[in-house]
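Structure, as structure tokens:
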Amino acid sequence: MKIKKAIIPAAGLGTRFLPFTKSSPKEMLPIVDKPTIQYIVEEIVASGIEEILIITGRNKESIANFFDHNPELEYRLAETDKKEELTMIEAINNMAKVYTVRQKEALGLGHAVLCGREFVGEEPFAVVLGDDVVYNPQDPALAQLIKVYEETGTSVVGVQPVPKSEVDKYGIVAGQQLSETIMDVVDMVEKPRIEEAPSNFAILGRYILTPAIFDILEKTENGAGGEIQLTDGLKTLLSHEKVMAYAFQGRRYDVGDKQGYLEATVEFALRNPELKEEFGKYLKELATGF
Ligand code: G1P
């Protein structure tokens, strides 16, 4: 079955970016000139999906506004003959069918995904997390996972190896390697202690899930951090269905973390034709002075 829908959970409190997140969603933090969530939506659209549900929470109205029309701005841009800007704004409005729903309590990622049950119905679907921005213009990370789903018909989680010292930040998978990039998952654990991690393959914010996950999430109890965890739901799914892990290609940035966010900002600036020369020169000068 074709993957037609994607969920972006964006209800988290963003405590790692306080005070910014006191009144603004972290998904609206700009990487150069685009909010983080635009990179995520662009990857989803480039992967062939046009219906997107964003799970939001309190103080997240600016996300819905961003994907909606702004008649006053559009009128002003048209009046002042700012054609390029107007085209850019209209392209965002028309990029995809973007819907939002509010998660009324921050009960965890598993619960946020469950909020998309009615939107998804009985189809396999994608989940893309906003903290993981992946740069791969030739072959978007989500498109890579969709290809694996089309071959296997199973749920697929996108993974990459992370340093052993960081496994306690992620959902970690272990299993049997079927090829260089595909693993038949036999175990997964959310934020394991370093000495207990079954591998260093971390789930990095890209999932294709079968709808069987919803019944499971309804019954999943609080796990790591006292929250309903998607990883725990997936572990239960393993006893009913196969789940594959796919080592996707692409430069991934942990933009939920200050260091990762700054790396993304610098590297996207260096890829920007308008900025790369001047900014690159500035960085070189700065580096020699430190
Ligand atoms: C979430 C997931 C975790 C995954 C991570 C990727 O954790 O629960 O399994 O590895 O995203 O970024 P969070 O970063 O929300 O704590």
Side-chain angles (χ1 to χ4, degrees), residues 6-18 21 25-27 29 36-37 39-40 43 54-57 60 103 105-116 126-135 141-142 145 155-175 183 185 187-194 196-209 213 216-217 220-238 243 245-248 250-261 263-264:
I7 294 179
I8 306 176
L13 298 175
T15 46
R16 284 185 290 173
F17 269 97
L18 279 169
T21 45
K26 68 173 172 182
E27 293 77 13
L29 273 165
T36 305
I37 197 152
Y39 290 87
I40 301 295
E43 179 188 327
I54 305 177
I55 315 291
T56 65
K60 303 267 184 172
Q103 182 189 22
E105 278 175 278
L107 297 179
L109 179 59
H111 180 263
V113 170
L114 194 51
C115 295
V127 174
V128 185
L129 306 188
D131 278 357
D132 298 291
V133 169
V134 182
Y135 178 74
L142 187 61
L145 262 72
S155 293
V156 185
V157 294
V159 298
Q160 282 190 348
V162 296
K164 260 269 168 214
S165 57
E166 290 181 19
V167 289
D168 56 353
K169 286 165 52 182
Y170 299 105
I172 300 293
V173 299
M183 180 198 281
V185 179
D187 192 17
M188 53 177 89
V189 48
E190 179 68 13
K191 304 195 173 76
R193 302 226 314 255
I194 292 170
E196 283 165 6
S199 82
N200 67 331
F201 279 102
I203 306 173
L204 296 179
R206 301 289 178 283
Y207 308 78
I208 304 295
L209 302 175
I213 195 70
I216 293 172
L217 288 173
T220 301
E221 303 201 342
N222 291 355
E227 296 187 336
I228 299 172
Q229 296 291 351
L230 181 57
T231 307
D232 293 346
L234 279 164
K235 188 177 161 123
T236 307
L237 185 67
L238 277 179
V243 176
Y246 178 70
F248 62 88
R251 166 73 166 108
R252 171 253 173 188
Y253 303 91
D254 177 7
V255 296
D257 170 77
K258 289 182 192 101
Q259 174 72 24
Y261 173 72
E263 287 175 14

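For reference, positions follow the sequence shown, starting with 1. Each ligand, and each atom within it, is numbered from 1 in the order the structure gives. These figures come from a predicted structure and were not determined experimentally.
Judged purely by atom type and a 3.5 angstrom limit, Glu27 has no side-chain atom pairing as donor or acceptor with the backbone of Ile37. Under a 3.5 Å cut-off, the side chain of Arg206 and the backbone N or O of Tyr246 do not form any donor-acceptor pair.
Shown in contact with Thr231 at under 4.0 Å from a heavy atom are these atoms of ligand 1, numbered in order with element: 9 (O). Less than 4.0 angstrom separates some heavy atom of Leu109 from each of these atoms of ligand 1: 2 (C), 8 (O). Of all atoms in ligand 1, numbered sequentially from 1 with element shown, those under 4.0 Å from a heavy atom of Asp132 are 6 (C), 12 (O). Residue contact check: Gly171 has heavy atoms under 4.0 Å from atoms 3 (C), 4 (C), 9 (O), 10 (O) of ligand 1. Within the listing of ligand 1, atoms 8 (O) sit less than 4.0 angstrom from a heavy atom of Gln229.
By the criterion of a heavy-atom distance under 4.0 Å, the side chain of Leu129, and not its backbone, is placed next to ligand 1.
Side-chain contact check for Ile172 versus Val159: every heavy-atom pair is 4.5 Å or farther apart. Side-chain contact between Ile203 and Val173 is present, with at least one heavy-atom pair separated by less than 4.5 Å. Side-chain contact between Val113 and Tyr207 is absent, with no heavy-atom pair separated by less than 4.5 Å.
Shortest contact from atom 9 (O) of ligand 1 to any protein heavy atom: Glu190 OE1, 2.7 Å. Of the protein's heavy atoms, Asp131 OD2, 4.3 Å lies nearest to atom 14 (O) of ligand 1. Annotation: atom 15 (O) of ligand 1 to nearest protein heavy atom, Lys191 NZ, 4.6 Å. What sits closest to atom 5 (C) of ligand 1 on the protein, heavy atoms only, is Ile203 O, 3.9 Å.
Remark: Lys258 NZ is loosely packed, at most 12 non-hydrogen atoms of other residues, nucleotides or ligands lying under 6.0 Å away.
The shell of residues lying under 4.0 angstrom from ligand 1, judged by heavy atoms, excludes Leu230.
Ion pair Arg16/Asp131 flagged as a salt bridge, since at least one NZ, NE, NH1 or NH2 atom sits closer than 4.0 Å to an Asp/Glu carboxylate oxygen. With respect to the salt-bridge test (charged N to carboxylate O, under 4.0 angstrom), the residues Asp168 and Arg193 do not qualify.
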>> With side-chain contact (heavy atoms from CB on, under 4.5 Å) as the criterion, how do Lys169 and Val162 come out once you've worked through the C-alpha distance, each side chain's angles and the decisive distance to 0.1 Å?
In response: CA-CA 10 Å; Lys169 286 165 52 182; Val162 296; over 6 Å; no

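Close N/O approach between Arg16 and ligand 1 is not found [any backbone or side-chain N/O within under 3.5 Å].
Less than 4.0 angstrom separates atom 12 (O) of ligand 1 from at least one non-hydrogen atom of the protein.
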